[in-house]
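Right, one structure below, let's go through it.
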Amino acid sequence: MQETGSGIEHHAALELAALDVAGLRRSLRTLVPLSGSQVKWHGHPLLNFSSNDYLGLSACDELRAVMTEAIGRYGVGAGASRLVCGNHAPHEELETTLAAFKGTEAALAFSSGYATALGTIPALCGSNDIIILDKLCHASLIDAAKLSGATIRIFPHNHLEKLERLLLNARKVGDVNKRILVITESIFSMDGDAALLREIVELKDKYHAWLLVDEAHAVGILGPQGRGLIAALGLEKRVELQMGTLSKALGVSGGYLAAQRSVIDLLINKARSLIYSTAPPPALAATASAAIKLVQSPVGDALRIKLMQHKQSILPLLGDNNQANLPAAILPIIIGDETVAVNTSEALLEAGFLIPAIRYPTVARGTARLRLTLSAAHEAQQIEGLITSLLNLVPQLHGSKERALKKTTE
Ligand SMILES: *Cc1c(COP(=O)(O)O)cnc(C)c1O
């Protein structure tokens with residue numbers, strides 16, 4: 001490449017070299033999907049244990065047919081932002097479907113979960129306000145909180161006493177009219193555990209705060225008809241802001257915020273990621289509506305049962321991680337060292353399994369892990385093959401073979 005003289009190539013090369021040294025350099029890989037659970041990479045078929053497509057819906061024939069038909073009717077793009085001339089019937093239908101699914105008056109669809117957070121949080125909070133987040137909240141929530149200009153406070157993961165102290169302090173200082181927004185996920189993306197949602201709801205009510213719960217990894221999987229953890233606990237009327245994505249268990253792409261009608265109307269006026277961005281293709285919205293209906297149907301129930309069977313067969317391997325009764329599909333295998341995690345992931349790749357190493361800054365330094373995700377698209381014998389390879393290749397699991405055997409002979 002030509003030197004521009006600006007020094008930007010030199011800057012980039014130095015930063016990349018530092019990432020290399022720290023074992024933190026990332027790069028893109030191109031995968032060819034072979035089936036719901038298999039991909040081809042550099043000519044090799046791999047079993048995919050890294051996707052968030054927990055129910056295998058991204059490859060679902062019924063949804064393919066819906067999208068194809070909708071493309072025939074609406075074309076491939078929306079043409080403009082929702083407020084200009086990009087608002088089509090499938091967008092409206094998706095939002096009606098989402099509101100019914102989440103048990104709220106209304107919902108608003110965005111082009112991604114990330115765009116949902118970035119649009120919603122700064123529309124509701126500003127520099128006079130306080131946002132309190134769980135330490136393990138997703139980057140989209142943290143970025144959105146920063147963008148809002150509000151004062152940010154963090155509580156250690158699921159630490160209720162610390163949350164209460166932050167709420168108490170937030171109510172004490174400054175303007176009595178300031179808003180306090182508590183943010184958590186329902187199932188955490190890198191640990192697969194659940195928020196203490198009932199207790200958090202009690203606390204935010206006690207201090208007159210609002211609560212935003214991101215259900216990215218719970219929707220489609222937990223709760224009656226896959227409605228999520230909020231619905232599983234009957235808290236639909238008590239959580240002000242229900243956020244989620246259409247891009248994970250729903251198999252498609254996009255994000256949403258479900259809330260009372262007035263809140264949604266305000267977001268239509270103030271959420272900049274909605275106002276200044278082209279609407280998602282109407283065909284995508286039509287497909288997402290169909291995915292939500294499928295998830296709520298007996299087909300969805302059957303997929304959830306299959307997913308949980310996989311989880312039950314692999315849990316003994318991972319030891320007691322408090323996850324046994326939680327129907328979440330994320331199973332972290334904590335390795336610790338970043339380079340060891342990457343090497344382990346590569347050894348698994350050689351053995352035919354795609355399980356990425358997750359490192360800083362996605363997770364804290366020294367807590368690098370393999371993030372194993374299960375899908376209803378997997379077959380039982382693929383899970384068995386995975387268990388064998390994990391036992392052979394992940395030293396951290398030594399001792400768990402005995403546990404696994406003990407479990408089966410009990
Ligand atoms: C994936 C994810 C998002 C972002 O959703 P996209 O639709 O992929 O942009 C937001 N929050 C959490 C917790 C996530 O895991």
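Note that the numbering runs from 1 along the sequence shown for the chain. None of the values given here were measured: they were computed from a predicted structure. Remember, it's 1-based here, ligands and their atoms both numbered in the order they're listed. FYI, side chains are in, hydrogens and waters are out, and symmetry mates aren't considered; it's all heavy atoms of this structure.
- Looking at D214 next to ligand 1, an N or O pair under 3.5 Å apart turns up.
- When only non-hydrogen protein atoms are considered, atom 8 (O) of ligand 1 lies nearest to S247 OG, 4.0 Å.
- Per-residue contacts place H217 under 4.0 angstrom from the following atoms of ligand 1 (heavy atoms of the residue considered): 14 (C), 15 (O).
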query = Between R365 and T367, is a side chain to side chain donor-acceptor pair (under 3.5 Å) present by the stated rule, with each step listed?
reply = CA-CA 6 Å; R365 276 187 209 276; T367 72; over 6 Å; no

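- Cation-pi geometry between R179 and W210 is not met at under 6.0 angstrom from the ring centre and within 45 degrees of the axis.
- Against a heavy-atom cut-off of under 4.0 Å, T245 is close to the following atoms of ligand 1: 5 (O), 6 (P), 7 (O).
- The protein heavy-atom contact nearest to atom 4 (C) of ligand 1 is Y114 N, 3.6 Å.
- Proximity of a side-chain donor or acceptor of E199 to a complementary backbone N or O of L160 within less than 3.5 Å is not detected.
- Residue L257 is tested with L124, L98, T104, T116 for a side chain to side chain contact (heavy atoms under 4.5 Å, CB included); the sole match is T116.
- Within the 3.5 Å criterion, the main-chain N or O of S140 finds a donor-acceptor partner in the side chain of H138.
- The line from CG of D301 to CD of Q296 is 10.0 Å long, rounded to the nearest 0.5 Å.
- Taking the six-membered ring where tryptophan is involved, the planes of F49 and H378 are essentially parallel, since the angle between them stays under 30° and well short of 60°.
- Between the side chain of E164 and the main chain of E161, no donor-acceptor pair closer than 3.5 Å is present.
- Nearest protein heavy-atom contact of atom 14 (C) of ligand 1 is K248 NZ, 2.8 Å.
- No heavy atom of G255 sits closer than 4.0 Å to any atom of ligand 1.
- Of all atoms in ligand 1, listed by their number and element, those nearer than 4.0 Å to a heavy atom of A216 are 11 (N), 12 (C), 13 (C), 14 (C), 15 (O).
- No donor-acceptor distance shorter than 3.5 angstrom exists from the side chain of H217 to the backbone of S186, with no hydrogens or angles considered.
- Of all atoms in ligand 1, listed by their number and element, those nearer than 4.0 Å to a heavy atom of S140 are 10 (C), 11 (N).
- Both the backbone and the side chain of S112 come within 4.0 Å of ligand 1, counting heavy atoms alone.
- With hydrogens left out, the protein atom closest to atom 5 (O) of ligand 1 is G113 CA, 3.3 Å, a heavy atom.
- Close approach to S189 involves these atoms of ligand 1, each under 4.0 Å from a residue heavy atom: 15 (O).
- Below 4.0 Å from some heavy atom of G254 lie the following atoms of ligand 1, by number and element: 7 (O).
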